[in-house]
Amino acid sequence: VSGQKFYYLRNAGALLELALVNWAMSRVVARGFTPIMTPDLVKETVLEKCGFQPRGEGTQVYSVEDSPLCLTGTAEVPLGGLYMDKVLREAELPIRMVAYGHCFRTEAGAAGAAGKGLYRVHQFSKVCKLRY
């Protein structure tokens, strides 16, 4: 359907992923973090301000052709976009957020670049927490 480096989760695998996401989110929310579901597409400027080069050479970001939008590589990017270009007062801190998001990366061919034995894929999901 999508080619190499993509997968389906079925039956126990699908239920296991949902259970792990629910478990992780519940644990972090119990510690005072705000749960957030983030968009999978963000503006190019949000990625740039988070330190990515969405249309640069060697990018790990999927860009939408003829559009300022890109697929996120992590939910941390749209979380950062919530506070982009804002000055926060000390009284507003700390800000605790946790998000479940889909992640899209072009680097699937980097065999073993980040960890031995890990399969690199183009699309996956994860729970990430941020504290400002």
Side-chain angles (χ1 to χ4, degrees):
V1 171
S2 302
Q4 293 183 349
K5 305 292 184 176
F6 291 93
Y7 59 90
Y8 285 93
L9 292 174
R10 287 184 177 193
N11 299 318
L15 294 174
L16 177 60
E17 178 168 330
L18 292 172
L20 287 170
V21 167
N22 187 48
W23 177 81
M25 293 289 283
S26 296
R27 286 190 52 117
V28 178
V29 168
R31 292 185 178 135
F33 285 72
T34 301
I36 300 174
M37 299 296 289
T38 61
D40 292 332
L41 289 163
V42 296
K43 293 179 182 177
E44 185 177 344
T45 55
V46 176
L47 280 159
E48 290 169 347
K49 290 178 180 185
C50 287
F52 293 92
Q53 297 177 346
R55 303 197 194 258
E57 196 171 313
T59 185
Q60 294 182 2
V61 176
Y62 284 108
S63 298
V64 178
E65 191 172 353
D66 299 324
S67 167
L69 298 174
C70 300
L71 288 167
T72 59
T74 175
E76 289 139 325
V77 171
L79 286 179
L82 284 172
Y83 294 94
M84 183 175 72
D85 299 329
K86 294 181 183 173
V87 176
L88 301 173
R89 294 185 308 255
E90 187 176 355
E92 298 175 283
L93 302 175
I95 296 169
R96 295 178 181 97
M97 303 176 285
V98 60
Y100 166 75
H102 302 102
C103 306
F104 303 91
R105 298 190 184 163
T106 63
E107 46 146 11
K116 294 181 179 179
L118 291 177
Y119 289 102
R120 309 297 285 184
V121 293
H122 292 293
Q123 177 184 337
F124 56 97
S125 301
K126 73 176 185 177
V127 172
C128 57
K129 65 179 186 170
L130 284 181
R131 181 178 178 199
Y132 293 121

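All figures in this text were calculated on a predicted structure; none of them were measured in a lab.
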Other residues, nucleotides, ligands: >12 heavy atoms within 6.0 Å of Lys126 NZ: yes

Summary of side-chain hydrogen bond (donor to acceptor under 3.5 Å, both in side chains) pairs that have at least one residue in residues 20-41, sequence neighbours excluded: Asp40-His102

Membership question, hydrophobic clusters at under 4.5 Å side-chain separation (ILVMFWY): are [Y] and [X] in the same one?
{"X": "Leu130", "Y": "Val127", "value": "no"}
{"X": "Leu79", "Y": "Met84", "value": "no"}
{"X": "Leu20", "Y": "Leu18", "value": "no"}
{"X": "Val77", "Y": "Phe104", "value": "no"}
{"X": "Tyr8", "Y": "Leu15", "value": "no"}

Stepwise side-chain contact (heavy atoms from CB on, under 4.5 Å) check, Phe33 with Met25: CA-CA 9 Å; Phe33 285 72; Met25 293 289 283; over 6 Å; no

[atom2] on [Y] to [atom1] on [X], rounded to 0.5 Å:
{"X": "Ile95", "Y": "Tyr83", "atom1": "CD1", "atom2": "OH", "result": "4.0 Å"}
{"X": "Glu17", "Y": "Phe124", "atom1": "CD", "atom2": "CZ", "result": "11.0 Å"}
{"X": "Ser2", "Y": "His122", "atom1": "OG", "atom2": "NE2", "result": "9.5 Å"}

Sole candidate of Leu71, Val61, Thr74 that passes side-chain contact (heavy atoms from CB on, under 4.5 Å) when paired with Arg105: Thr74

Under 4.5 Å between any side-chain heavy atoms of [X] and [Y], yes or no?
{"X": "Tyr62", "Y": "Thr106", "result": "yes"}
{"X": "Glu44", "Y": "Leu69", "result": "no"}
{"X": "Leu82", "Y": "Met97", "result": "yes"}
{"X": "Ser125", "Y": "Val21", "result": "no"}

Candidate pair Thr45 and Glu48, rule side-chain contact (heavy atoms from CB on, under 4.5 Å), full reasoning: CA-CA 5 Å; Thr45 55; Glu48 290 169 347; 4.3 Å; yes

Nearest atoms (heavy-atom pairs only) where [X] meets [Y]:
{"X": "Pro39", "Y": "Pro78", "result": "O-CG, 3.8 Å"}
{"X": "Val87", "Y": "Glu92", "result": "O-OE1, 4.3 Å"}
{"X": "Gly81", "Y": "Val46", "result": "CA-CG1, 4.0 Å"}

